[in-house]
There are 2 protein chains.
Amino acid sequence: MITYLIKMSILNSKINYTAVEECKIFIRPIRDVIEIIGGKWKLPILTALSFKDHRFKELEKRISGITPKMLSKELKDLEMNNFVHREVSETSLVMVTYSLTEYGKSLDNLLVLMRDWGINHRKKMTSTYR
Amino acid sequence: MITYLIKMSILNSKINYTAVEECKIFIRPIRDVIEIIGGKWKLPILTALSFKDHRFKELEKRISGITPKMLSKELKDLEMNNFVHREVSETSLVMVTYSLTEYGKSLDNLLVLMRDWGINHRKKMTSTYR
DNA sequence: CGGCATCCCTAATGATACTG
DNA sequence: CAGTATCATTAGGGATGCCG
């Protein structure tokens with residue numbers, strides 16, 4: 001029988017595992033993270049919202065190059081994951097305001113770690129090859 | 001004049017920043033990370049190599065669904081980033097062995113954090129919507 | 001204003017066959 | 001065995017225009 005063991009570590013442990021484990025236990029949650037913050041526009045949107053709440057049009061103007069279609073799609077994704085709050089207030093015109101949720105802000109810790117790792121990696125790569 | 005300030009935090013600080021800052025300082029390194037471990041096959045390859053060194057054909061068999069073309073490409077990427085070491089030894093047949101480098105193993109810390117965040121997020125999402 | 005619907009294009013991946 | 005070459009497919013976005 002195959003023994004199913006959960007590794008606390010992913011790459012440093014010598015515990016055997018099956019292809020199933022490889023996929024489900026380690027990879028899926030990491031993929032989730034990548035899906036959540038990956039793509040071309042998720043991070044620009046999140047950082048924009050971290051500064052202040054934005055209306056749809058404001059975001060569109062601030063994030064240069066984004067189309068309303070993509071903005072709409074990405075905002076929906078972020079809202080579905082509870083990172084972004086969407087609030088409609090009908091004055092005379094339709095007005096929709098997007099804001100970061102507390103949960104959205106809690107992404108920050110992870111983002112900082114990823115950023116620092118990335119900065120370090122880039123340093124390493126550029127210093128190695130010259 | 002616009003003041004250029006580096007935020008230690010990404011989403012929790014109220015310091016203003018320009019679109020340039022948004023892109024270059026925070027987003028690019030995070031994108032780097034995503035590019036390095038993203039894609040369909042990078043993580044399966046890394047986890048496979050973490051267990052033991054593999055030859056090309058072994059990886060191809062172990063990682064179900066991958067084509068030699070993709071395997072070759074992904075291995076090249078990983079090698080370029082210094083995560084994977086490629087060693088050719090000519091016995092009677094051509095034999096190429098791939099292994100994780102120490103630097104590749106150092107990815108582990110970050111992967112564990114991402115995984116744990118992802119697991120937690122998935123829990124949160126499934127408990128919320130039922 | 002805040003979006004959706006439609007068409008379109010390219011880059012990434014897959015399938016298959018082949019080579020040193 | 002360890003890949004490469006070629007063709008076929010697809011999905012992620014862009015461009016544009018329209019609607020409540």
Quiz item: If you pin A/Lys69 and A/Met95 to their nearest nucleotides in DNA chain C, which one's is more 5'?
Solution: A/Met95

Quiz item: Side chain of A/Val94: nearest nucleotide among C/dG3, C/dG2, C/dC7?
Solution: C/dG2

Quiz item: Does B/Tyr98 put a side-chain nitrogen or oxygen below 4.0 Å from OP1 or OP2 of D/dG3?
Solution: yes

Quiz item: Which part of the nucleic acid, if any, lies within reach of B/Lys40 when heavy atoms closer than 4.0 Å are counted: base, sugar-phosphate only, or nothing?
Solution: sugar-phosphate

Practice problem: Between C/dC1, D/dT4, D/dC1, spot the one nearest the side chain of B/Arg55, thanks. | Solution: D/dC1

Quiz item: Taking A/Asp32 as the fixed residue, which of B/Lys123, B/Arg122, B/Lys124 is the one that meets the salt bridge (charged side-chain N to carboxylate O under 4.0 Å, His left out) rule?
Solution: B/Arg122

Self-check item: B/Asp108-A/Ser9 side chain donor-acceptor pair, cut-off 3.5 Å
Solution: yes

Quiz item: Atom CG of B/Leu75 to atom C1' of D/dA2: distance rounded to whole Å?
Solution: 11 Å

Quiz item: Under 4.0 Å between a side-chain N/O of B/Ser72 and OP1 or OP2 of D/dA2, yes or no?
Solution: no

Quiz item: Which of the following nucleotides, C/dG3, D/dG14, D/dC1, is nearest to the side chain of A/Trp41?
Solution: D/dG14

Exercise. Side chain of B/Lys76 only, please: which of D/dA2, D/dT4, C/dG2 is the nearest?
Key: D/dT4

Quiz item: Would the number of heavy atoms belonging to other residues, nucleotides or ligands and lying under 6.0 Å from CD of B/Glu60 be above 12?
Solution: yes

Exercise. Output yes when a side-chain donor or acceptor of A/His54 lies under 3.5 Å from a complementary backbone atom of A/Lys52, and no otherwise.
Key: yes

Quiz item: Counting side-chain heavy atoms from CB outward, which of D/dA2, D/dT4, C/dG2 is closest to B/Phe56?
Solution: D/dA2

Quiz prompt | B/Thr67 side chain, from C-beta outward: closest of D/dT4, D/dA2, C/dG14 | solution = C/dG14

